[in-house]
Amino acid sequence: METTGQTDNNNRVINYLRLSITDRCNLSCMYCMPVDGIDFIPHENILRYEEILHLVRLTVGKGIRKIRLTGGEPLVRKGFLGFLKELSHVEGLNEITLTTNGVLLKDLAAGIKECGVNRINISLDSLKRERFARITGRDMFDQVWEGIEEAELLGFDPIKINVVAMKGVNDDEIRDFARLTVARPYHVRFIEHMPVGDNNRWNADSFISVLEIYNIIETMGKLTSVSGRSLLDGPAQRFKLEGAKGEIGLIGALSNHFCGICNRLRLTADGHIRSCLFSDEEIDVKSALRNGEGDERILDMIDTAIKNKPLSHNLNKAGPRNCARRMSAIGG
Ligand code: SAM
């Protein structure tokens with residue numbers, strides 16, 4: 001169990017950085033990035049790779065041991081593999097993982113693996129080609145599926161498939177996704193739809209809780225709980241259907257929140273440190289870096305972000321509410 005790192009004011013060890021390297025994406029998922037009306041962050045405000053690497057080294061100095069690359073879609077950023085190679089040489093990092101929509105994965109998977117990345121999360125909300133196109137705004141199911149198969153062929157382990165479950169959109173596929181874990185060694189993780197960003201289409205009618213999802217899957221056969229191996233494994237409650245090659249994970253960010261074990265910090269594509277996905281409080285390290293304020297000052301800022309990490313997201317207290325930044329800009 002990875003327990004090293006700096007503790008926040010609530011005694012949580014913070015050792016995991018989610019790093020958004022771009023807010024651009026080649027899909028426009030209905031709950032994340034609608035096709036029209038998006039203002040991307042201007043290029044000059046996006047951290048350059050060398051700036052990211054510098055900030056990563058500083059966060060490692062403050063106890064970060066694991067990084068997840070995300071976005072936007074991380075694989076669309078030019079020079080991704082070169083950056084990943086440099087990142088993989090940062091001393092003190094134990095693990096680099098990646099969350100991708102899989103569209104460009106087939107061609108990049110081998111290069112990603114060569115950089116030492118072994119664990120990969122691929123987002124896929126439907127196994128039906130037409131529905132996939134409706135949800136994402138692009139007819140690219142085949143590319144994603146080929147990317148998943150390539151990852152399997154290359155031995156990525158585990159391959160996690162993230163499914164945002166929504167009533168009336170894809171809840172009729174919960175059993176199909178669960179069946180996929182019987183035939184393939186994938187970890188399918190059902191994620192509750194979260195009210196992040198100003199255009200997430202969250203509403204109570206389409207919300208389906210992890211408990212409801214569990215109840216559906218439970219009718220399919222014996223479900224055994226799989227105990228977590230490490231705190232770095234994250235917040236999913238994990239289960240296995242009898243005889244399955246893969247696993248099922250349930251991530252109840254709303255109904256079952258895991259703030260008490262949250263070990264995450266986020267660095268947005270435009271260089272802001274954010275210690276809670278749902279809190280709009282951010283610390284602008286990019287300006288400090290570009291104004292030449294020096295590493296000591298930036299280390300202090302990282303320290304403040306860690307110490308002041310909110311105890312809980314409080315989303316359920318007064319009913320769900322939006323946080324202002326889009327998921328693609330924060331880094332999901
Ligand atoms: N482009 C990459 C991808 O598609 O995986 C990485 C970024 S994406 C923002 C990361 C994850 O956040 C995806 O699994 C996506 O489904 C999830 N996500 C985005 N908006 C969400 C929301 N409102 N509620 C729950 N999950 C969301």
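Numbering of ligands and ligand atoms starts at 1, following listing order.
Taking every non-hydrogen atom of His193 and a distance limit under 4.0 Å, the qualifying atoms of ligand 1 come out as 22 (C), 23 (N), 24 (N). Under a 4.0 Å criterion applied to the non-hydrogen atoms of Asn162, ligand 1 contributes the atoms 14 (O). Ligand-side atoms of ligand 1 in range of Gly72: 1 (N), 2 (C), 6 (C), 7 (C), range being under 4.0 angstrom from any heavy atom. Of all atoms in ligand 1, numbered sequentially from 1 with element shown, those under 4.0 Å from a heavy atom of Tyr31 are 15 (C), 16 (O), 18 (N), 19 (C), 20 (N), 21 (C), 22 (C), 23 (N), 27 (C). Within ligand 1, counting atoms from 1 as listed, the ones closer than 4.0 Å to a heavy atom of Gly71 are 7 (C), 9 (C). Listed by number with element, the atoms of ligand 1 under 4.0 Å from a non-hydrogen atom of Glu192 are 25 (C).
Among the atoms of Ser123, some N or O lies under 3.5 angstrom from an N or O of ligand 1. At a 3.5 angstrom cut-off on N or O pairs, Pro74 does not count as close to ligand 1.
Under 4.0 angstrom from ligand 1, there are no non-hydrogen atoms of Asn121. When heavy-atom distances to ligand 1 are checked against a 4.0 Å cut-off, Thr70 comes that close only through its side chain, counted from C-beta outward. For Asn101, heavy-atom contacts with ligand 1 shorter than 4.0 Å involve the backbone as well as the side chain.
Salt bridge Lys309/Glu281: absent, no basic N to carboxylate O contact under 4.0 Å. By the 4.0 Å N-to-carboxylate-O rule, Lys167 lies close enough to Glu212 to be salt-bridged with it. Using a cutoff of 4.0 Å between basic side-chain nitrogens and carboxylate oxygens, Glu51 and Arg290 are scored as salt-bridged. A salt bridge is absent between Asp157 and Arg119; no separation between the charged side-chain nitrogens and carboxylate oxygens falls under 4.0 Å.
In this structure a side-chain-to-backbone donor-acceptor pair under 3.5 Å is missing from Arg12 to Thr7.
Of the candidates Lys160, Glu152, Glu247, Tyr186 forms a side-chain hydrogen bond (donor to acceptor under 3.5 Å, both in side chains) with just one, namely Glu152. Just one of Asp172, Thr136, Asp125 meets the side-chain hydrogen bond (donor to acceptor under 3.5 Å, both in side chains) condition when paired with Arg131; it is Asp172.
Side-chain heavy-atom separations under 4.5 angstrom define the hydrophobic clusters, and the remaining members of the one that includes Ile46 are Ile41.
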